[in-house]
Undergrad: 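The structure under discussion is supplied below as structure tokens; questions concerning it will follow.
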There are 2 protein chains.
Amino acid sequence: MKPVTLKEIAEQLNISITTVSKALKDYPDVSKKTRKLVRETASMLNYKPNSFAVNLRTKESKTIGLIIPVIVHHFFSSVIKGIISQAEKKGYLVIILQSDESYDLEKKQIDLLLSQRVDGILISLANETAKFDHINEVLAQDKPLVMFDKIAKIVKCSKVIIDDRKAAYTATKHLIDIGCKRIAHFRGALLPQNSIDRFLGYKKALLDHNLPYDPSLVYICECGDMSFEEGKTNAKKLLKDHSDVDGIFINTDLVAIGAMTEFNKQGVKIPEDINIVGFSNWFMSSVISPTLTTIDQPGYQMGKTAFKQLYKEIKAIKNKKPKEPKIITLETELIKRESTKS
Amino acid sequence: MKPVTLKEIAEQLNISITTVSKALKDYPDVSKKTRKLVRETASMLNYKPNSFAVNLRTKESKTIGLIIPVIVHHFFSSVIKGIISQAEKKGYLVIILQSDESYDLEKKQIDLLLSQRVDGILISLANETAKFDHINEVLAQDKPLVMFDKIAKIVKCSKVIIDDRKAAYTATKHLIDIGCKRIAHFRGALLPQNSIDRFLGYKKALLDHNLPYDPSLVYICECGDMSFEEGKTNAKKLLKDHSDVDGIFINTDLVAIGAMTEFNKQGVKIPEDINIVGFSNWFMSSVISPTLTTIDQPGYQMGKTAFKQLYKEIKAIKNKKPKEPKIITLETELIKRESTKS
DNA sequence: GTTACTTTCGAAAACGTTTTCGATAATATA
DNA sequence: TATATTATCGAAAACGTTTTCGAAAGTAAC
């Protein structure tokens, strides 16, 4: 009942373990005849190399780690899918950990992955994360790491992102182009870079087009589990305090849908009374009524790209070449739908 | 720049590797003094045990494999979260693979996990899967495996499921209780056990309450990426062919929401003209208008439970105890909302 | 002072693979 | 026939840990 080893194949054929190992790896210094023989008995005995031993010898595990703030989330689960599918193509397995937006957990998990000796790490930072010692420790060990989506500009490593500022600018400009004069913004939490960038893009679009920037029109929401509710409550507040608003750029589709629900309820017409642009192009956004104008954020592609970059760095390290941090910006697209006037 | 090993700690302190190893594992046969000393220098040198070597020695990797049909899916991503969080508590890491509902891929992935020598496997079967040799191979190797959600009754292994038949019965009975006389069913694909069971529960509820079972009222949808669209098209067909239907039990919330969209569009009132019960309690179901009556399917808890069972079996195997297949049925709950009359 | 027991340590084997290097046998070259 | 070359193999070390078993030293008992 014990797993088959090289030794058993060797004994069966009365040759040495060395030769068996070499035969299975197509070394040129073993004759075609024995190579064939070894192959056959190996598959006959259903031999599977002991990965623990292989790992120990080769010092690599063909495994990478992935730390992600939340899993139950359309965008992030798309990223996961992208990563896994690409990793599988290259023969890598993916260990997934969820930081739950907690810095402490994230730190522990980095530690866990390091002691597990994964070949590389992919990470999207927790909202809470403001110190980066744990990330820098990884980099100091020359272990490949690439960040995606929730990144830190300070850290010198490869990143896969979208141009949040530009995308937000485009979204806001769209509202301006269709004639909105008083544009609000529902932004994300304060720390994450992308939530900051989206805010800055919004602000710049206003100023570039001679519209005043009014801080009281910016509402904050955490964009966590309560996104939908946050959309509703912020919409309620907005209607009470600023009934003159005619457009909103909202950090996330789910928040936007929450807001739209509230507007519907209060009889505020979309897009006649108020225009709405969301962010991320959640699959429900093309499905609700009215359909939601939004920025398409390519999660699956981001996952694929992040893994590809990590793979390059793994190869580079293996060949003792210096890995140079690369920042890859993915294209986003404004998708015009019914929630904004045409 | 090389990682610290036991050897280096030993040399630093002029003691043997053995003693260092024992000290770190609190063996009683090393004096408190040296134990403390070893600990201190270990943490000073930032020693991390080489997991490859540990795995090789102990023959376990503290890693499990998870094969799942789709990742980008609210229910399944909830399960993943449940598994990961529970696994983390017990010091296990989770490798995730996506079968994409393909039998061939699933088979390959089982093979991959076996050759990776994970300590156990969690799996939710692909829709396509109708042969179970790959699963039986795992069981034959005495490797712990537990199925969840999409299971096969034939296979003798532990399973975590809900009572789909009972849940469907409850859902259908609810429609009967509120006075529906002509009840349709949008079922899932033909192979999966849970889609079969839900259909059977629907049928039994009808017959138990003296309503005729009419096969032409049963519509099939794959419940894949196109769920929402399937809901719409099936609703369209239904309205054309059976305008007398006054209730539908729909396999999945997303399909139900698609159907509701179509009904709304055609001016069919919910619940006045037609009552709808969904399945799985997707978070959007409490949020759309009208809110959707549905069966709550506890994904997170299912993930947790599945891991716990797997953990038990891992321990059992380790202690050479026979593992006996256990079938755990989780409770579901009918959640009454606005899409059915009260 | 001898015996028995306890405390503390280390040598060595084992886990299963990969790879270097040298040895032998077979073949080609002169 | 003697020498150089090639083809084929295997011994052995190494990867870093865990664990068994025996040895040495110290303490207690008589």
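Lettering follows sequence order; numbering is per chain, from 1.
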Undergrad: Closer than 4.0 Å, any side-chain N/O of A:Thr19 to the OP1 or OP2 of D:dC9?
TA: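 So the side-chain polar atoms of A:Thr19 never come under 4.0 Å of the phosphate oxygens OP1 or OP2 of D:dC9.
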Undergrad: Here's a test for you: under salt bridge (charged side-chain N to carboxylate O under 4.0 Å, His left out), which of B:Lys318, B:Lys315, B:Arg117 qualifies with B:Glu60?
TA: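 Checked B:Lys318, B:Lys315, B:Arg117 against B:Glu60; only one passes salt bridge (charged side-chain N to carboxylate O under 4.0 Å, His left out): B:Lys318.
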Undergrad: Does a donor on one side chain and an acceptor on the other come within less than 3.5 Å for A:Glu106 and A:Thr129?
TA: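 Indeed, the side chains of A:Glu106 and A:Thr129 share at least one donor-acceptor pair under 3.5 Å.
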Undergrad: What's A:Thr5 touching, base or sugar-phosphate or nothing? Going by heavy atoms closer than 4.0 Å.
TA: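 Sugar-phosphate, no base atom in range.
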Undergrad: Let me see the working for B:Lys143 and B:Glu313 under salt bridge (charged side-chain N to carboxylate O under 4.0 Å, His left out), right down to the final yes or no.
TA: CA-CA 9 Å; B:Lys143 180 137 305 213; B:Glu313 297 197 0; over 6 Å; no
Undergrad: Counting just side-chain N and O atoms, does A:Ser16 come under 4.0 Å of either OP1 or OP2 of D:dG10?
TA: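 It does, given that an N or O in the side chain of A:Ser16 lies less than 4.0 Å from OP1 or OP2 of D:dG10.
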Undergrad: Measuring from atom CD1 of A:Ile314 to atom CG of A:Leu310, what distance do you get when rounded to the nearest 0.5 angstrom?
TA: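 The CG atom of A:Leu310 is 4.0 Å from CD1 of A:Ile314, to the nearest 0.5 Å.
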Undergrad: Please state how far atom CG in B:Leu37 lies from atom C1' in C:dT8, giving the value in whole angstrom units.
TA: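 Those two atoms, CG and C1', are 15 Å apart.
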Undergrad: What's the CD1-C1' distance between A:Ile9 and D:dC9, to the nearest Å?
TA: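 After rounding, the gap between these two atoms is 17 Å.
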Undergrad: Which part of the nucleic acid, if any, lies within reach of B:Asp29 when heavy atoms closer than 4.0 Å are counted: base, sugar-phosphate only, or nothing?
TA: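 Base contact.
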Undergrad: Of B:Val30 and B:Arg57, whose nearest nucleotide on DNA chain C comes first from the 5' end?
TA: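 Per heavy-atom nearest nucleotide, the more 5' residue is B:Val30.
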Undergrad: Pick the closest DNA chain C nucleotide for B:Pro28 and for A:Lys7 by heavy atoms, then say which residue is nearer the 5' end.
TA: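 Between the two, 5'-proximity favours B:Pro28.
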Undergrad: Report yes if at least one side-chain N or O of A:Tyr27 is closer than 4.0 Å to OP1 or OP2 of D:dA7; otherwise report no.
TA: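 Looking at the OP1 and OP2 atoms of D:dA7, neither is under 4.0 Å from any side-chain N or O of A:Tyr27.
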Undergrad: Figure out the CD1/C1' separation between A:Ile17 and C:dT19, and round it to whole Å.
TA: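 That distance rounds to 14 Å.
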Undergrad: Given D:dA12, C:dG10, C:dG16, identify the nucleotide with an atom nearest to the side chain of B:Ile15.
TA: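 Among the listed nucleotides, the one closest to the side chain of B:Ile15 is C:dG10.
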Undergrad: Have a look at A:Ser31 and say if it touches a base, only the backbone sugar-phosphate, or nothing, with a 4.0 Å heavy-atom cut-off.
TA: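 Sugar-phosphate, backbone atoms only, no base.
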Undergrad: Would you say a side-chain N or O of A:Lys22 is under 4.0 Å from OP1 or OP2 of D:dT8?
TA: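 Checking D:dT8 against A:Lys22, no side-chain N or O comes under 4.0 Å of OP1 or OP2.
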Undergrad: In this structure, how many angstroms lie between the P atom of C:dT18 and the CG atom of A:Leu24, rounded?
TA: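 For the pair A:Leu24 CG and C:dT18 P, the rounded distance is 8 Å.
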Undergrad: In whole Å, what is the span from the CZ atom of B:Arg35 to the C1' atom of C:dT7?
TA: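 Whole-Å distance recorded here is 12 Å.
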Undergrad: If I take atom CD in residue A:Glu8 and atom P in nucleotide C:dC15, what distance separates them, rounded to the nearest angstrom?
TA: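 Between P of C:dC15 and CD of A:Glu8: 11 Å.
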Undergrad: When all nucleic acid strands are considered with a 4.0 Å heavy-atom cut-off, which category describes A:Lys25: base, sugar-phosphate, or nothing?
TA: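 Counting heavy atoms under 4.0 Å across all strands, the contact made by A:Lys25 is with sugar-phosphate only.
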Undergrad: Tell me: CG of A:Leu6 to C1' of C:dT18, nearest whole Å?
TA: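 My rounded result for the distance is 9 Å.
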Undergrad: Mind calculating the distance between CD (B:Glu60) and P (C:dC15) to the nearest angstrom?
TA: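 The answer, rounded to whole Å, is 17 Å.
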Undergrad: Which nucleotide in the list C:dT19, C:dG16, D:dT18 gets nearest to the side chain of B:Val54?
TA: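 In terms of side-chain proximity for B:Val54, the closest of C:dT19, C:dG16, D:dT18 is D:dT18.
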Undergrad: Under a 4.0 Å N-O cut-off, is there an ion pair linking B:Asp142 with B:Lys323?
TA: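 A salt bridge is present here (some side-chain N lies under 4.0 Å from a carboxylate O).
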Undergrad: When all nucleic acid strands are considered with a 4.0 Å heavy-atom cut-off, which category describes A:Ser21: base, sugar-phosphate, or nothing?
TA: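 Base, at least one base atom sits under 4.0 Å.
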Undergrad: Salt-bridged, A:Glu40 to A:Lys33, with N to O below 4.0 Å?
TA: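 No, this pair does not count.
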